[in-house]
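A short worksheet on the structure shown next.
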Amino acid sequence: LEQSQVEKFDLLSSRIFLGRGAVEHLPEVLDSIKIDGKRYFLLTDENTHDHCLPLLANYLPEDIPEFKLIPGENSKNLENAERIWRWLIECKASRGDVLINLGGGVVSDIGGFVASTFKRGISYINIPTSLMAQVDASIGGKTALNLASAKNQVGSFYQPHAVLVDTMFLESLPQDHIRNGYAEIIKSALLTGQDRWNQTREKRWDVTNEWSALISDTVKMKAMIVARDPNEAGIRNILNFGHTLGHSFEAFSLEAYPPGLLHGDAITYGMIGELFISWRMGHICWSEMVEITSFLRRNFPEPPFNADDKLKLLEIMTHDKKSRFQSIKISTLKKIGEPLWGIDCNEENLIKAIDYVLKDKQA
Ligand SMILES: NC(=O)c1ccc[n+]([C@@H]2O[C@H](COP(=O)([O-])OP(=O)(O)OC[C@H]3O[C@@H](n4cnc5c(N)ncnc54)[C@H](O)[C@@H]3O)[C@@H](O)[C@H]2O)c1
């Protein structure tokens with residue numbers, strides 16, 4: 001009965017399982033990798049080891065070797081990637097073996113990267129356990145590491161063999177990480193259209209535990225875009241709405257306000273700033289921009305930075321984000337359901353956007 005609630009579809013070379021009971025399909029997923037004598041390796045962090053691994057135990061091979069990361073964004077680095085490569089070598093892992101990533105976006109990003117590079121690429125499976133990873137990070141094959149405080153500077157496009165999105169894991173997820181994933185659900189709804197935006201804003205993220213429908217809509221929307229543009233040469237850029245400014249906020253906060261912002265909070269400020277730029281450039285109308293940004297301000301905490309941080313933020317934006325043509329490009333909205341991407345953004349617009357994000361703090 002449980003299994004009948006699980007939706008299944010293919011995205012490029014990945015098989016996606018969505019819904020409560022998705023992990024029950026793990027044995028069949030492992031069997032579907034037709035390599036004789038293959039072995040499995042498990043990547044977790046301390047939290048997913050404690051809270052999620054026990055829920056998976058019935059479906060995993062016995063005595064599976066496990067590598068456990070310290071939780072958090074700071075673990076997504078080259079040193080840890082090297083530790084995992086070395087561990088795989090010590091365990092005598094070979095080309096036909098399979099890495100299973102059980103965790104949030106940090107685990108799937110670094111695990112996917114390690115899988116894409118170890119012996120020139122081994123199979124991997126994502127079992128996302130945070131809302132952020134379930135709706136976004138585990139889907140679409142983008143893998144990444146941070147270099148110092150610069151986000152996602154090293155990475156690859158490498159599709160998982162399968163992704164099992166099971167909502168049962170969310171029961172142990174702390175509330176602020178629910179809010180974190182909700183930010184990507186909002187982004188996806190805004191990119192899609194008025195109906196999804198209405199359904200999403202009606203959902204009180206801090207009260208509900210009914211996430212299945214929103215997760216399913218968000219994953220399918222992402223899958224549709226990724227299938228059209230797997231390597232982000234064009235339309236996949238719409239999914240970066242909020243991310244150009246957001247990554248700068250995130251990187252800056254890691255340095256200046258440790259332990260730093262959650263990714264979802266950072267891209268929320270990014271969406272506020274990038275919508276303001278859209279309005280300044282004559283794309284979105286004032287009332288729609290205010291409707292969306294007010295909703296975001298009501299549902300997310302105030303940014304930790306203040307007016308004194310403005311120059312440093314601008315420096316990070318202009319340093320990290322210059323594209324090959326030396327201009328900064330953002331993805332934003334013309335209106336709800338009408339995304340824009342590749343929008344050139346000058347320094348004045350960036351400064352005004354930071355001011356607008358901080359407007360309540362300066363008042
Ligand atoms: N590759 C992509 O397309 C993509 C997309 C979005 C985000 N990301 C990346 O994902 C990362 C953010 O993901 P995240 O928010 O999942 O971070 P995360 O992996 O750090 O997880 C958040 C926290 O929740 C804990 N946790 C996870 N699942 C849990 C559970 N079920 N119960 C209890 N605790 C649990 C983790 O241990 C961690 O402390 C960032 O590095 C971001 O760049 C990647």
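Computation of the quantities below employed the complete heavy-atom set of this structure, encompassing side-chain atoms and omitting hydrogens, waters and symmetry-equivalent molecules.
Within the model, atoms CD1 of Ile125 and CZ of Arg15 stand 13.5 Å from one another, a figure rounded to the nearest 0.5 Å. A distance of 10.5 Å separates CG of Leu164 from NZ of Lys8, quoted to the nearest 0.5 Å. Note that the CG atom of Leu145 and the CD1 atom of Ile110 stand 5.5 Å from one another [nearest 0.5 Å]. Rounded to the nearest 0.5 angstrom, Leu43 CG and Leu102 CG are separated by 9.0 Å. With rounding to the nearest 0.5 angstrom, the CZ atom of Arg236 is 5.5 Å from the NZ atom of Lys222. Put simply, CG on Asp45 and CD1 on Ile70 are 10.0 Å apart, with the number rounded to the nearest 0.5 Å.
In this structure, a donor-acceptor pair under 3.5 Å is absent between the side chains of Glu347 and Thr318.
Hydrophobic clustering of Ile, Leu, Val, Met, Phe, Trp and Tyr side chains at less than 4.5 Å, counting indirect connections, keeps Ile316 apart from Leu254.
For Ile89, the CD1 atom is densely surrounded, since the number of other residues' heavy atoms within 6.0 Å is greater than 12. More than 12 heavy atoms of other shown residues, nucleotides or ligands fall within 6.0 angstrom of atom NZ in Lys38.
A cation-pi geometry, defined here as NZ or CZ lying under 6.0 Å from the six-membered ring centre and within 45° of its normal, does not hold between Arg86 and Phe118.
Between Phe241 and Trp341, the distance from one ring center to the other does not fall under 6.0 angstrom.
Residues Phe41 and Leu88 meet the side-chain proximity criterion, which asks for heavy atoms closer than 4.5 Å.
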